[in-house]
Enquirer: 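Could you have a look at this structure, given as structure tokens, before my questions?
Sequential numbering from 1 along the given sequence is applied to the chain's residues. Model, not experiment: these values are computed from the prediction.
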Amino acid sequence: MFGNRTTVLHSYWTTLRANRPHRSLFLKYFVTLFVVGVAPLMVGAISEAGFGYQDRRRQIDEVLDVEARSAANRIQTFIDGIRGQLGWTVQLAWTEADDERRRVDALRLLRQVPAISSIALVDHTGHERVFVSRLGLNRIGRGPDLSAAPAVLGARARKAWYGPLRYERDSEPYMTIAVSGNRAATGVAIAEINLKLIWDVIAAIKIGDTGLAFVFDDDGRLIAHPDISLVLRGAVGSSDFDQVKSAVAAAPGAAVMTKDAAGKDVVAASARIASLNWTVIAQQPVSEALASIRAALWRSSVLIAVMASFAIALAYWLAYRMSKPIRQLEDGVQKLGAGQFGHRITISSGDELEQLADRVNEMAKELAISKDKSERINLLKRFLAPQVAELVERSGRERLLSGQRRDVVAIFGDLRGFTAFASRSEPHVIMPVVKEYYRALGAVITRHEATLASFTGDGVMVLVNAPVARADPALHGIRLAIDMQAALQPLVARWSAKGYTIGFGVGIAMGPAIVGTVGYEGRMDYTAIGSVVNLASRLCDLAKDTQVLTDPVIAREVKDAVPLVPLGEHPIKGYDRPSQVFMVAPCSERSPEITFRAQKLTEKAEWREHKATGLEPIAPLAAPCRAAPADVSA
């Protein structure tokens with residue numbers, strides 16, 4: 001049986017190696033099963049770990065904060081108790097025969113408070129009268145003058161004075177506490193405190209299995225630690241905790257992650273003992289604090305691995321079972337890719353693969369339709385600005401290209417002196433000029449989202465308000481014509497510097513025309529037919545270099561927005577009567593009031609156009625300001 005299974009697996013593996021698409025199918029199945037079965041487990045595990053980490057971190061922060069504050073309070077209570085015991089020795093005023101009684105009180109206090117290693121009682125004059133010690137010789141009687149000692153001065157000023165930490169024999173931590181009575185006559189009691197006994201308070205703190213607390217002062221010296229050997233090492237042992245002390249000092253009152261004296265990652269929180277200028281730090285190893293999170297991640301990882309293995313096995317089985325229908329689909333798609341959209345795939349499996357084959361057949365039909373649509377869009381982009389062509393496509397307004405009558409603005413532009421220039425110049429001189437010319441005009445036409453109807457030789461024909469309607473087409477058209485002149489005049493100046501006598505004139509007219517596509521299969525153009533086209537062309541013929549000539553209709557529509565100069569009536573070829581001709585005024589003839597009013601009207605027109613068509617407003621280029629001839633009769 002195992003041999004048969006091995007043969008089947010070998011055959012299946014050979015099939016997979018011979019058919020690369022099946023490997024891809026396996027990957028797709030595996031990815032699908034992974035996303036459906038394994039990914040949710042991963043997301044759930046990660047989410048659980050994330051939220052669990054946050055919850056656990058909050059718990060750890062609270063526990064460490066509580067333990068640190070509790071230890072600080074207990075240490076404060078311990079020190080306050082010693083201060084209270086010392087206060088009983090300075091209740092009565094000093095007398096000359098009081099030394100022996102005071103000595104007995106001091107000895108009794110040594111027995112009651114093991115942390116006190118010595119007591120010195122100072123009278124109201126500042127002289128030591130009684131000294132008892134666990135380590136040295138006791139003495140009574142008038143002793144040295146301690147009135148200038150910091151302990152006496154501090155106690156008299158604040159009733160209680162706490163001295164700095166110091167290490168006796170560079171090992172055991174000690175501090176001095178001085179307490180004065182309510183009256184100056186009662187004197188001052190000075191006690192030396194062995195801080196090793198605070199170890200009982202610190203050693204009693206247990207945070208988890210290995211968490212602990214320790215105490216250090218503002219100078220960074222270790223006062224108490226569960227490992228008392230570190231305290232007995234004095235300043236040498238204190239330096240091991242510099243990193244954790246720096247971390248908690250940078251974030252007072254908050255738990256931080258840092259490294260302990262052994263270099264292990266820990267979570268630490270601190271609490272201040274303000275009266276002593278000490279800080280209690282409670283810490284717990286990160287490995288212990290987050291052990292529950294790691295255990296949850298491990299369980300989730302095992303489950304994810306099992307589900308991933310199941311997904312791999314199921315993906316292989318599905319890929320092997322569906323290999324034949326897949327080959328049929330592959331062959332059919334290859335034929336469709338070769339352009340055989342009439343080919344149909346036949347699969348009778350009764351499942352989703354049969355539906356897929358039907359969808360592929362439908363796709364073949366859609367591809368044929370899409371091909372026709374793409375050809376139409378490419379045709380649109382031949383004479384429409386790309387953004388306008390896309391707008392026509394998205395809005396489903398291809399019917400705008402069918403023949404119809406509407407008011408259009410026709411703009412003609414033509415190079416002056418180009419024929420003579422071309423007749424006496426070589427092709428390598430002419431073609432760069434033509435390329436520069438059309439590049440500059442094309443950028444302006446595209447920018448204004450106008451329709452390029454045709455360009456022949458050195459002339460162009462542009463339409464506004466067809467096929468896409470524009471608000472204020474006359475204003476839009478005159479702005480386009482002005483920008484065409486503005487774009488060409490730098491080129492004219494450059495050509496003139498090279499010795500080319502070339503200029504550029506523009507004619508613009510508005511009126512009804514028949515617009516639509518004309519041509520034959522394989523070659524279609526969008527154009528306008530009507531007298532307005534002829535009039536614009538004749539005005540272009542009349543225009544000199546830098547001039548923009550308009551008909552009366554344009555002049556009437558833009559009279560408040562664009563300064564115009566009437567040139568009188570001129571005979572127009574093909575027309576029975578002369579026609580009134582207007583010219584866009586050069587910059588030198590524009591008054592500031594007219595320019596300001598024109599700007600405001602243009603802004604309003606841009607807003608109306610934007611609301612009506614959804615096209616972005618056009619920021620006009622600077623109008624041509626070179627000197628222009630005053631008339632066209634010459």
Enquirer: Within the side chain of Asp55, is there an N or O that forms a donor-acceptor pair under 3.5 Å with the backbone of Arg58?
Expert: no
Enquirer: Report the C-alpha separation of Met307 and Phe34 in whole Å, then their side-chain angles, then the decisive distance to 0.1 Å, and conclude whether the side chain to side chain contact (heavy atoms under 4.5 Å, CB included) test is met.
Expert: CA-CA 8 Å; Met307 290 299 297; Phe34 187 89; over 6 Å; no
Enquirer: Please, which pairs that meet salt bridge (charged side-chain N to carboxylate O under 4.0 Å, His left out) have at least one residue in residues 295-308, sequence neighbours excluded?
Expert: none
Enquirer: Is it true that Arg139 and Glu128 make a salt bridge, defined as a side-chain N closer than 4.0 Å to a carboxylate O?
Expert: yes
Enquirer: Where is the tightest heavy-atom contact between Phe78 and Ala115, given as atom of each residue plus distance?
Expert: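 Answer, listing the atom of Phe78 first, then Ala115: CZ-CB, 3.7 Å.
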Enquirer: Answer whether the closest heavy-atom distance between the side chains of Trp278 and Met175 falls below 4.5 Å.
Expert: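 The answer is yes; the side chains approach within 4.5 Å.
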Enquirer: Quick one: CZ on Arg134 to OG on Ser117, what's the gap to the nearest 0.5 Å?
Expert: 7.5 Å
Enquirer: Just checking, any donor-acceptor pair under 3.5 angstrom between side chains of Thr176 and Arg166?
Expert: yes
Enquirer: Can you find a side-chain donor-acceptor pair between Thr210 and Glu288 that sits under 3.5 Å?
Expert: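 Result is yes, a qualifying pair exists.
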Enquirer: Supply the atom-to-atom distance Leu146 CG to Ile190 CD1, rounded to the nearest 0.5 angstrom.
Expert: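 If I round to the nearest 0.5 Å, the distance is 5.5 Å.
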Enquirer: Set out, in order, the CA-CA distance, both residues' side-chain angles and the distance that settles side chain to side chain contact (heavy atoms under 4.5 Å, CB included) for Leu212 and Ile207, then state yes or no.
Expert: CA-CA 6 Å; Leu212 52 86; Ile207 305 172; over 6 Å; no
Enquirer: Are any of the side-chain nitrogens in Asp483 or Arg479 under 4.0 Å away from the carboxylate oxygens of its partner?
Expert: no
Enquirer: Tell me the closest heavy-atom pair linking Val266 and Lys259, and the distance in Å.
Expert: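 Shortest heavy-atom contact: CG2-C, 4.1 Å.
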Enquirer: Indicate yes or no for a side-chain donor-acceptor contact from Ser47 to the backbone of Val43 under 3.5 Å, with no hydrogens or angles considered.
Expert: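 Yes; judged by distance alone, with no hydrogens or angles, the pair exists.
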Enquirer: Looking only at atom types and distance, does a side-chain atom of Asn73 sit under 3.5 Å from a main-chain N or O of Arg69, one as donor and one as acceptor?
Expert: yes
Enquirer: Filter on salt bridge (charged side-chain N to carboxylate O under 4.0 Å, His left out), then keep only pairs touching residues 108-118, sequence neighbours left out; what's left?
Expert: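 Output for this query lists Asp105-Arg108.
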Enquirer: On a heavy-atom basis, which atom in Ser180 and which in Val188 lie closest, and how many Å separate them?
Expert: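 Smallest heavy-atom distance, with atoms named: CB-CG2, 4.0 Å.
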Enquirer: From Leu86 CG over to Leu109 CG, what is the distance, rounded to the nearest 0.5 angstrom?
Expert: 5.5 Å
Enquirer: Heavy-atom distance under 4.5 Å between the side chains of Ile304 and Val38, does that happen here?
Expert: yes
Enquirer: Roughly how far, to the nearest 0.5 Å, is CZ of Phe216 from CD1 of Ile281?
Expert: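 Interatomic distance, Ile281 CD1 to Phe216 CZ, rounded to 0.5 Å: 3.5 Å.
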Enquirer: Measure the CG-CD1 distance between Leu121 and Ile140 for me, rounded to the nearest 0.5 Å.
Expert: 11.5 Å
Enquirer: Just wondering, do Val302 and Trp298 contact through their side chains at under 4.5 Å, heavy atoms?
Expert: yes
Enquirer: Might you work through the side chain to side chain contact (heavy atoms under 4.5 Å, CB included) test for Arg102 and Leu92, ending with a clear yes or no?
Expert: CA-CA 10 Å; Arg102 300 275 185 160; Leu92 302 175; 4.0 Å; yes
Enquirer: Which atom names give the shortest non-hydrogen contact between Thr186 and Trp94, and what distance separates them?
Expert: O-NE1, 3.3 Å
Enquirer: Is the shortest side-chain heavy-atom distance between Arg103 and Val132 below 4.5 Å?
Expert: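 The answer is yes; the side chains approach within 4.5 Å.
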Enquirer: Are the side chain of His225 and the backbone N or O of Ala213 linked by a donor-acceptor pair below 3.5 Å?
Expert: no
Enquirer: Is the shortest side-chain heavy-atom distance between Ile116 and Asn194 below 4.5 Å?
Expert: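 No; the side chains remain at least 4.5 Å from each other.
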Enquirer: First locate atom OG of Ser301, then atom CG of Leu41, and finally report the distance between them rounded to the nearest 0.5 Å.
Expert: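 It comes to 11.0 Å.
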Enquirer: Any side-chain heavy atom of Ile312 within less than 4.5 Å of one from Phe30?
Expert: yes
Enquirer: Show your working on side chain to side chain contact (heavy atoms under 4.5 Å, CB included) between Gln283 and Leu64 and close with a plain yes or no.
Expert: CA-CA 7 Å; Gln283 68 178 35; Leu64 293 176; 5.5 Å; no
Enquirer: Quick check: do Leu110 and Val113 have side-chain heavy atoms less than 4.5 Å from each other?
Expert: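 SC-SC contact between Leu110 and Val113 ruled out.
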Enquirer: State, to 0.1 Å, how close Val244 and Ala268 come at their nearest heavy-atom pair, and which atoms those are.
Expert: CG2-CB, 4.0 Å
Enquirer: So does Leu475 get a backbone contact from the side chain of Asp472, meaning a donor-acceptor N/O pair under 3.5 Å?
Expert: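 Between the backbone of Leu475 and the side chain of Asp472 there is no qualifying donor-acceptor contact (under 3.5 Å).
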Enquirer: Quick one: does Leu107's side chain get under 4.5 Å of Asn138's, heavy atoms only?
Expert: yes
